[in-house]
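FYI, side chains are in, hydrogens and waters are out, and symmetry mates aren't considered; it's all heavy atoms of this structure.
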Amino acid sequence: MHVQQIYTGCLSEAAYYIESNGEAAIVDPMRDIETYLQTARERNAVIKYIFETHFHADFVSGHIDLGKATGAPIVYGPETNADFPVHVAKDGEEFRLGDVTITVLHTPGHTLESACYLLKDEQGKDYAVFTGDTLFVGDVGRPDLAQEGNQLTMYDLAGMMYNSLQTKIVPLADDVIVYPAHGPGSSCGKNLGPNTQSTIGEEKQNNYALKATSKEDFITAVTDGIAAPPQYFPINARINKEGYESLEALLEGLKPLTVPAFKQLIKSDNVIVLDTRNANAFMHGFVPASISIGLEGRFAEWAGTLLPFDKTLVLVTDEGQEKESAIRLARVGFQHFGGYLQGGFTAWQKAGEEIDLIIDVDADEVAMDLPFDERMIIIDVRKEAEFADSHVKDAHNIPLDTLTDPASMGNINDDDNIYIHCAGGYRSIIACSMFKRQGIHNLRNINGGFAALKAIDSIEMEKTVEALN
């Protein structure tokens, strides 16, 4: 028996390759399926099953493309309704894979069709459970995504999840390995632990949700303080349920564009220029009105959160990163690509076209100007919880994920001296690009972000959250 976790860090997503005696199964495959096909080829195995733990909201699964490529059935748990052929498994149904067995455990709560898959080894002993978004390391799945108004609330779903955990997961032996669908940083739970796998025993001991003494306590614990999901979650869930165009077909729209062709195309209000270069490279020069989301960070997640899905994306990338950028966008449901700037930003510069840039300043320079510049506005684009914990006195908190609405920029205008920061620099460059796209250009990015500001003794900090009026 061979079990391999295939982890995608920028989405905190874990897929799994399970193999026994030449037969393989894939659990929760990512949109791009070549890794799974290649792994099976290298190990001389045939992919026999595709197991989905639920309709994912945070990424588009590769289930349909993988099913077409291999002929393997797509297996979902009970109560699944999909717009494409699937095998809807019964609770307790067993699937033979070589010399091992995979048993379906219906665990509604995160969604109604949520299922875990219990792997038994060659001797019939429980070996591992693939828990999807039902159980994470240190957390459980959020219960607010499958709500149906007053008929099915997040409290109802949380109650279902409690029953699922207590009847299907907690009774498993302490040494059973827990393989969840997500790791730290995922928005599918409130606060996932730092590891991407665990054991039932470790979770019983350390997971706050499994230590709740009653159903009521559990419901309160998992629903209290839950943040709103990213805007792309319902879009991805719908795509996973209804189906999609193949990734190969999507990438056919990724054509190289000469500078004149690129320049003509981006005149359309239906087009957004997305620059995926490193934030530092973007800061020193970019096509005006471009939005910066660098591949080096949580690229796909921020793209899904900030960019509209009904627009055509035209890319500016480092040379050779065009396809990588498009694939990672497709992972979160983007389906309209207008091409990419051939030769990248360098070609734009060489053609003598207008460029824009972002001025950067160090924290000590901010400290010197702060007492004397009456028009200085410090904008902190970290999350509300980060801001509440500590921030520069009198700073304004405009979380990055709110910048999709120009009204979130409040009364800020180009006459103000705007200084923008996040924790370290990645989010603030995105924010600067979005402010500039709205015509606000008198801004500066603070190098090193809040970490650098906090290290300056003369900059006063506070914990009171202040809203921007």
> Atom CG of D126 and atom CD1 of I200: how far apart are they, to the nearest 0.5 Å?
Replying inline: 9.5 Å
>> I'd like to know whether Y16 forms a side chain to side chain donor-acceptor pair (under 3.5 Å) with Q5, so could you lay out the CA-CA distance, the side-chain angles of the two residues, the decisive distance to 0.1 Å, and finally the verdict.
In response: CA-CA 5 Å; Y16 296 92; Q5 184 183 76; 2.9 Å; yes
> Just by distance, do the side chain of E462 and the backbone of D394 share a donor-acceptor pair under 3.5 Å?
Replying inline: yes
> Any luck finding a side-chain donor-acceptor pair between T53 and D28 under 3.5 Å?
Replying inline: yes
> Mind checking whether P399 and R382 have side chains closer than 4.5 Å, heavy atoms only?
Replying inline: no
> Regarding S428 and N445, is there a side-chain donor-to-acceptor distance under 3.5 Å anywhere?
Replying inline: yes
>> Checking S198 against E202 for the side chain to side chain donor-acceptor pair (under 3.5 Å) test, could you report, in this order, the C-alpha distance in whole Å, the side-chain angles of both residues, the deciding distance, and whether it holds?
In response: CA-CA 6 Å; S198 183; E202 289 171 352; 2.9 Å; yes
> Looking only at heavy atoms, what is the nearest atom pair of V88 and G77, with distance?
Replying inline: CG1-O, 3.5 Å
> What heavy-atom pair brings I64 and G243 nearest, and what distance separates the two atoms?
Replying inline: CD1-CA, 3.4 Å
>> Between K48 and E23, does the salt bridge (charged side-chain N to carboxylate O under 4.0 Å, His left out) criterion hold? Intermediate values first, please.
In response: CA-CA 6 Å; K48 186 178 180 180; E23 294 182 342; 3.3 Å; yes
>> What I want to check is whether the side chains of T213 and D217 have a donor and an acceptor closer together than 3.5 Å.
In response: yes
> Short question: side chain of E322, backbone of G320 - any donor-acceptor pair under 3.5 Å?
Replying inline: yes
> So, D58 and Y232: side-chain donor and acceptor under 3.5 Å apart, yes or no?
Replying inline: no
> For K90 and E93, what are the C-alpha separation, side-chain angles and deciding distance, and is it a salt bridge (charged side-chain N to carboxylate O under 4.0 Å, His left out)?
Replying inline: CA-CA 5 Å; K90 298 179 179 64; E93 185 172 349; 5.0 Å; no
> For the residue pair A326 and L251, what are the closest heavy atoms and their distance?
Replying inline: CB-CD2, 3.7 Å
> Between T131 and T134, does any side-chain donor sit less than 3.5 Å from a side-chain acceptor?
Replying inline: no
> Does atom CG of D83 have more than 12 heavy-atom neighbours, drawn from other residues, nucleotides or ligands, at distances under 6.0 Å?
Replying inline: yes
> Is the gap between the ring centers of F55 and Y76 under 6.0 Å?
Replying inline: yes
> Where is the tightest heavy-atom contact between L329 and A303, given as atom of each residue plus distance?
Replying inline: CD2-CB, 3.6 Å
> Hey, does E13 have a side-chain heavy atom less than 4.5 Å from the side chain of S186?
Replying inline: no
>> Run T220 and D224 through side chain to side chain donor-acceptor pair (under 3.5 Å) and show every step you take.
In response: CA-CA 6 Å; T220 299; D224 184 46; over 6 Å; no
>> A side-chain contact here means heavy atoms from C-beta on lying under 4.5 Å apart; do N270 and H336 qualify?
In response: no
>> For N447 and D360: C-alpha separation, side-chain torsions, deciding distance, then whether side chain to side chain donor-acceptor pair (under 3.5 Å) applies.
In response: CA-CA 6 Å; N447 284 329; D360 61 318; 2.9 Å; yes
> Among side-chain atoms of E248 and S246, is any donor-acceptor pair under 3.5 angstrom?
Replying inline: no
> Once you round to the nearest 0.5 Å, how far does CG of L66 lie from CD of E34?
Replying inline: 10.5 Å
>> Aromatic contact between F95 and H87, with the criterion being ring centroids under 6.0 Å apart: yes or no?
In response: yes
> So Y117 and F130, ring pair (Phe, Tyr, Trp, His ring centres under 6.0 Å) or not? Walk me through it.
Replying inline: CA-CA 5 Å; Y117 297 99; F130 301 88; 7.9 Å; no
> With respect to C422, which candidate in I379, I429, V381, D380 satisfies the side chain to side chain contact (heavy atoms under 4.5 Å, CB included) definition?
Replying inline: V381
>> Let me confirm one number: the OH-OG1 distance from Y340 to T276, rounded to the nearest 0.5 Å.
In response: 12.5 Å
> Are E94 and I102 close enough that some pair of their side-chain heavy atoms sits under 4.5 Å apart?
Replying inline: no
> Is there a side-chain contact between P143 and I226 (heavy atoms, below 4.5 Å)?
Replying inline: yes
>> side-chain contact (heavy atoms from CB on, under 4.5 Å), that's the test. Do K463 and D389 meet it? Break it down for me.
In response: CA-CA 6 Å; K463 292 182 179 291; D389 183 61; 4.1 Å; yes
> What closest approach, in Å, do I358 and C432 show between heavy atoms, and which atom pair accounts for it?
Replying inline: CD1-CB, 3.5 Å
> Can you find a heavy atom in the side chain of Y17 that is under 4.5 Å from one in the side chain of R43?
Replying inline: yes
>> Could you check whether atom NZ of K311 has more than 12 heavy atoms from other residues, nucleotides or ligands sitting under 6.0 Å from it?
In response: yes
> Are there more than 12 heavy atoms of other residues, nucleotides or ligands under 6.0 Å from atom CG of D310?
Replying inline: yes
>> So H391 and N397, do their side chains get closer than 4.5 Å, heavy atoms only?
In response: no
> Less than 6.0 Å separating the ring centroids of Y244 and H63?
Replying inline: yes
> Is the side chain of T8 donor-acceptor paired with the backbone N or O of L11 at a distance under 3.5 Å, no angle test?
Replying inline: no
>> Minimum heavy-atom separation for V104 and A115, please, with both atom names.
In response: CG1-CB, 4.2 Å
>> Distance check, rounded to the nearest 0.5 Å: Q166 atom CD versus T107 atom OG1?
In response: 13.0 Å
> Going by distance alone, is a donor N or O of one side chain under 3.5 Å from an acceptor N or O of the other, for D133 and H110?
Replying inline: yes
> Which of these passes side chain to side chain donor-acceptor pair (under 3.5 Å) with S61: R331, E52, H54, H56?
Replying inline: E52
> So, does T402 use its side chain to make a donor-acceptor pair with the main chain of I398 at under 3.5 Å?
Replying inline: no
> Is E386 reaching over with its side chain to a backbone N or O of K383, donor-acceptor style, under 3.5 angstrom?
Replying inline: yes
> With no hydrogens and no angle check, is any side-chain donor or acceptor of E203 less than 3.5 Å from a backbone partner on G138?
Replying inline: yes
> Parallel, tilted or perpendicular for F51 and Y49, by the 30°/60° rule?
Replying inline: tilted
> Is it true that the side chains of S12 and R298 contain a donor and an acceptor less than 3.5 Å apart?
Replying inline: yes
> Under the 3.5 angstrom rule, does the side chain of D318 hit a backbone N or O of Q321 as a donor-acceptor pair?
Replying inline: no
>> Donor-acceptor pair, distance only, cut-off 3.5 Å: does the side chain of D156 make one with the backbone of T153?
In response: yes
>> For a 4.5 angstrom cut-off between non-hydrogen side-chain atoms, does I177 reach V129?
In response: no
>> Please check this pair: side chain of D65 against backbone of L247, looking for a donor-acceptor N/O pair closer than 3.5 Å.
In response: yes
> Hey, does the side chain of K204 reach the backbone of T199 with a donor-acceptor pair shorter than 3.5 angstrom?
Replying inline: no
>> For D32 and R328: C-alpha separation, side-chain torsions, deciding distance, then whether salt bridge (charged side-chain N to carboxylate O under 4.0 Å, His left out) applies.
In response: CA-CA 9 Å; D32 38 317; R328 290 171 66 173; over 6 Å; no
> With the threshold set at 4.0 Å, does a side-chain nitrogen-carboxylate oxygen contact exist between D175 and K125?
Replying inline: yes
